[in-house]
Amino acid sequence: MSAPVQPPEVRGDTAHPEAAGYRARRTLPLRVEAMRQLRRRRTLLMGGVLAALPFILIIAFAIGGTPDGEDGGGGGGGGGRINLMDVATESAANFAATSLFVSAGFLLVVPVALFCGDTVASEASWSSLRYLLAAPVPRVRLLWSKLVVALGFSLAAMVLLPLVALVAGTAAYGWGPLKLPTGGALPAGDTVPRLAIVVAFIFVSQLVTAGLAFWLSTKTDAPLGAVGGAVGLTIVGNVLDAVTALGSWRDFLPAHWQFAWADALQPQLEWGGMIKGTAVSVTYALILFALAFRGFSRKDIVS
């Protein structure tokens, strides 16, 4: 008995008969994909965790007292990085910056890996991917829609945290200038634009994690494998950056520039580190996204 013939999109080629009224650009609209992802439990859970973090920090400061910098991670040490924990309770702006400081290294990695790593692999695990392609949704259109929505949710997660922290910090500590642990302060009117620059750079620096997760999502039918693999490789990058024996080779590691946003919280805004970090992150991300699109366009979909 001969094997059943699969639709062209499922077999791996891109040719399919044009039906009357069919338009590839109208398949899988972004709003439809966004609503599908928004209703998922993991999206709501991740949003709840990020929204709760500022309140957890406020409670911790209330129980433990005002930070004094003695046990806060080394003040200005730690590779020359400033320690925002020393001035976390000075104002709402300080509290928002501290919330980003304590979460940028790992916590904000998780939603990026989750949203980008779960997007295609979850369809494969539900055995719905081949039916989407047989609809027919062109493969490039499917990946593009899922990637845009995943990056949009990742950015929303990074905006949610400082936004909630500003509101909660205003209620707890009042609105005022952003005091710097190295001395001096930023006027209250400049804090929101500076924090916006910080969020934008953190998002760009996490594009490498997004690219890793998205590429792995197109290679496996296990969503947790894609998410865990991206988080694991990101952790490996952080470990390698701590190996000072690598010298200038660390400049090519995205993790080496992940705290370059601290230059935006100085009296004189410095762009050098953030520009270098952006160049490294975007380069890696573009390569990984290209690998995802190239590999998926040739892949036989069996799930």
Side-chain angles (χ1 to χ4, degrees), residues 37 42-43 45-47 49-51 53 81 84 96-121 143 146-165 194-218 223-224 226-242 250-265 271 273-292:
Q37 299 301 325
R42 49 91 159 150
T43 303
L45 179 61
M46 197 71 251
V49 170
L50 292 174
L53 178 63
R81 298 169 185 160
L84 292 169
T98 302
S99 298
L100 289 171
F101 178 75
V102 300
S103 58
F106 179 76
L107 181 59
L108 290 180
V109 174
V110 176
V112 176
L114 183 64
F115 293 136
C116 294
D118 185 62
T119 179
V120 178
L143 285 188
K146 289 188 172 294
L147 178 59
V148 170
V149 170
L151 291 178
F153 275 93
S154 299
L155 179 59
M158 295 182 187
V159 173
L160 176 65
L161 176 62
L163 188 62
V164 173
R194 293 292 186 93
L195 288 174
I197 293 174
V198 170
V199 172
F201 178 78
I202 293 175
F203 173 72
V204 172
S205 67
Q206 293 299 333
L207 286 178
V208 179
T209 300
L212 276 170
F214 193 69
W215 174 59
L216 291 173
S217 186
T218 64
L224 288 179
V227 175
V231 172
L233 289 173
T234 301
I235 293 174
V236 169
N238 291 332
V239 172
L240 289 176
D241 182 55
R250 295 188 300 162
D251 292 346
F252 297 97
L253 296 173
H256 186 66
W257 306 101
Q258 64 178 332
F259 286 102
W261 55 264
D263 293 340
L265 302 181
W271 292 99
M274 288 187 286
I275 291 175
K276 292 178 181 178
T278 297
V280 172
S281 296
V282 170
T283 299
Y284 281 113
L286 289 176
I287 293 173
L288 290 166
F289 288 142
L291 288 174

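Heads up: numbering here begins at 1 and tracks the sequence.
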Pairwise side-chain contact, [X] with [Y], heavy-atom cut-off 4.5 Å (strictly under):
| X | Y | answer |
| --- | --- | --- |
| Ser205 | Trp257 | no |
| Leu207 | Leu151 | yes |
| Ile202 | Trp261 | yes |
| Leu161 | Val199 | no |
| Val280 | Phe252 | no |
| Gln37 | Lys146 | yes |
| Leu50 | Val164 | no |
| Phe115 | Thr43 | yes |

Inset, instruction - Take atom CH2 of Trp215 as the centre, draw a 6.0 Å sphere, and report whether it contains more than 12 heavy atoms from other residues, nucleotides or ligands. - result: no

Inset, instruction - Evaluate whether atom CG of Leu240 has more than 12 neighbouring non-hydrogen atoms of other residues, nucleotides or ligands under 6.0 angstrom away. - result: yes

Legend entry - Carboxylate-amine/guanidinium proximity below 4.0 Å for Asp118 and Arg42: yes

Legend entry - Any donor-acceptor N or O pair under 3.5 Å, side chains Thr234, Thr209: yes

Legend entry - Residue pair Asn238 / Gln258, side-chain donor-acceptor N/O under 3.5 Å: yes

Legend entry - Smallest separation among heavy atoms of Ala96 and Leu195, with atom names: CB-CD1, 4.0 Å

Legend entry - Exercise: identify the closest heavy-atom pair between Ala157 and Pro111: CB-CB, 4.1 Å

Legend entry - Arg250 side chain vs His256 backbone, donor-acceptor pair below 3.5 Å: no

Inset, instruction - Decide side-chain contact (heavy atoms from CB on, under 4.5 Å) for Ser154 and Cys116; before the verdict, give the C-alpha distance in whole Å, the side-chain angles of both, and the deciding distance to 0.1 Å. - result: CA-CA 8 Å; Ser154 299; Cys116 294; 4.2 Å; yes

Inset, instruction - Over 60° means perpendicular and under 30° means parallel, so classify the ring planes of Phe101 and Phe259, tilted if in between. - result: tilted

Legend entry - Derivation of the side-chain contact (heavy atoms from CB on, under 4.5 Å) call for Ile197 and Met274: CA-CA 10 Å; Ile197 293 174; Met274 288 187 286; 4.1 Å; yes

Inset, instruction - For Met158 and Gln206, run side-chain contact (heavy atoms from CB on, under 4.5 Å): C-alpha distance rounded to whole Å, both residues' side-chain angles, the deciding distance at 0.1 Å, then the answer. - result: CA-CA 10 Å; Met158 295 182 187; Gln206 293 299 333; 3.5 Å; yes

